[in-house]
Amino acid sequence: MPYPTIPLYGPSKTLLRKFTRALRYEMKRAGVRVTCLLPGATATAMHDPEKVNLALAIRLGVMKKPAKVAKAGVRALFNNRPVRIPGLLNKFVVYAFPLIPGSLIYAIYKGVKRRELKRSR
């Protein structure tokens, strides 16, 4: 689902999941395996270390190390699994977040932005 500040991120992930499912079906006859990896938050250089404490996020299980995510994806591919979602928290997010109304997400976003503005003054 789309979220404030990243409106195309969620829908593009949905497209990739559906495309992977179709590709898996089409390529099965040719003996090609296709697995959809839903990595969740991964501790990469994409995250600004001044804004995100990667070590703490990994310790709390909010983020995974890239090597663990890659290993899970490769293992799933070789085990011919259609989808791999590493981590319990990530599984929860994948299945629970789509149930949250968009209006609630937007209200939370507005509240967070308001607090950030107050702190910056």
Side-chain angles (χ1 to χ4, degrees):
M1 74 186 282
Y3 293 97
T5 73
I6 52 171
L8 293 177
Y9 187 78
S12 67
K13 295 292 183 182
T14 300
L15 172 87
L16 288 172
R17 285 180 75 182
K18 306 266 185 209
F19 175 71
T20 302
R21 184 184 307 154
L23 187 63
R24 179 179 171 84
Y25 176 77
E26 292 294 322
M27 299 306 292
K28 188 175 185 175
R29 287 179 249 144
V32 176
R33 295 178 178 180
V34 177
T35 296
C36 181
L37 176 64
L38 302 166
T42 306
T44 65
M46 178 178 100
H47 302 284
D48 181 352
E50 291 187 17
K51 293 182 179 178
V52 178
N53 184 335
L54 295 179
L56 178 62
I58 291 169
R59 239 185 356 266
L60 294 175
V62 175
M63 285 191 175
K64 299 274 181 238
K65 290 182 179 180
K68 278 191 167 188
V69 171
K71 192 174 185 177
V74 170
R75 191 178 306 128
L77 178 65
F78 284 112
N79 288 326
N80 201 25
R81 292 180 62 182
V83 177
R84 180 65 168 103
I85 307 171
L88 188 60
L89 180 61
N90 194 23
K91 284 180 181 74
F92 173 77
V93 168
V94 167
Y95 293 112
F97 272 34
L99 302 175
I100 300 171
S103 58
L104 178 58
I105 290 171
Y106 185 68
I108 292 168
Y109 171 75
K110 278 177 36 179
V112 168
K113 282 298 172 190
R114 247 182 289 177
R115 270 183 289 193
E116 285 176 1
L117 277 172
K118 284 180 184 178
R119 268 191 248 140
S120 67
R121 290 181 187 165

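Remember, it's a predicted structure, so these values are computed and weren't measured experimentally.
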Completion exercise
Between Thr44 and Pro66 the two heavy atoms that sit nearest each other are CG2-CG, 4.0 Å
Practice task
Check the surroundings of atom CG in Leu56: do more than 12 heavy atoms from other residues, nucleotides or ligands lie under 6.0 Å from it?
Solution key: yes
Handout entry: Backbone of Phe78 reached by a side-chain donor or acceptor of Arg33 within 3.5 Å
Key = yes
Handout entry: Main-chain N/O of Leu38 paired to Asn90 side chain as donor or acceptor, under 3.5 Å
Key = yes
Problem - Expected output: side-chain Lys65 to main-chain Ile58 donor-acceptor under 3.5 Å - result: no
Practice task
Answer yes if Leu89 and Leu60 sit in the same cluster of Ile, Leu, Val, Met, Phe, Trp and Tyr residues linked by side chain heavy atoms under 4.5 Å apart, and no otherwise.
Solution key: yes
Problem - Arg17 vs Val94 side-chain heavy atoms within contact, under 4.5 Å - result: yes
Practice task
With sequence neighbours excluded, tell me which residues meet side chain to side chain contact (heavy atoms under 4.5 Å, CB included) with Ala76.
Solution key: Thr35, Arg81, Arg84
Exercise for the section: Could you list the residues that satisfy side chain to side chain contact (heavy atoms under 4.5 Å, CB included) with Lys110, not counting sequence neighbours? Expected result: Tyr106, Arg114
Problem - Criterion side chain to side chain contact (heavy atoms under 4.5 Å, CB included) on Val34 and Tyr25, from CA distance to verdict - result: CA-CA 9 Å; Val34 177; Tyr25 176 77; over 6 Å; no
Exercise for the section: Assess whether atom NZ of Lys18 is packed by more than 12 heavy atoms of other residues, nucleotides or ligands within 6.0 Å. Expected result: no
Problem - ILVMFWY cluster, Tyr9 and Val112 together (side-chain gap under 4.5 Å) - result: yes
Handout entry: Same apolar cluster: Ile85 and Phe19, side chain cutoff 4.5 Å
Key = no
Practice task
Answer whether the closest heavy-atom distance between the side chains of Ile108 and Leu104 falls below 4.5 Å.
Solution key: yes
Practice task
Please step through side chain to side chain contact (heavy atoms under 4.5 Å, CB included) for the pair Phe97 and Ile100, ending with a clear verdict.
Solution key: CA-CA 5 Å; Phe97 272 34; Ile100 300 171; 3.9 Å; yes
Handout entry: For Arg115, salt bridge (charged side-chain N to carboxylate O under 4.0 Å, His left out) partners two or more places apart
Key = none
Problem - Sub-4.5 Å side-chain heavy-atom contact between Val83 and Arg21 - result: no
Problem - Side-chain donor or acceptor of His47 paired with backbone N/O of Thr42 under 3.5 Å - result: yes
Exercise for the section: Decide yes or no for Leu8 and Lys13: does some side-chain heavy atom of the first lie under 4.5 Å from some side-chain heavy atom of the second? Expected result: no
Handout entry: Point-to-point distance, once rounded to the nearest 0.5 Å, from CG of Asn53 to CE of Met63
Key = 9.5 Å
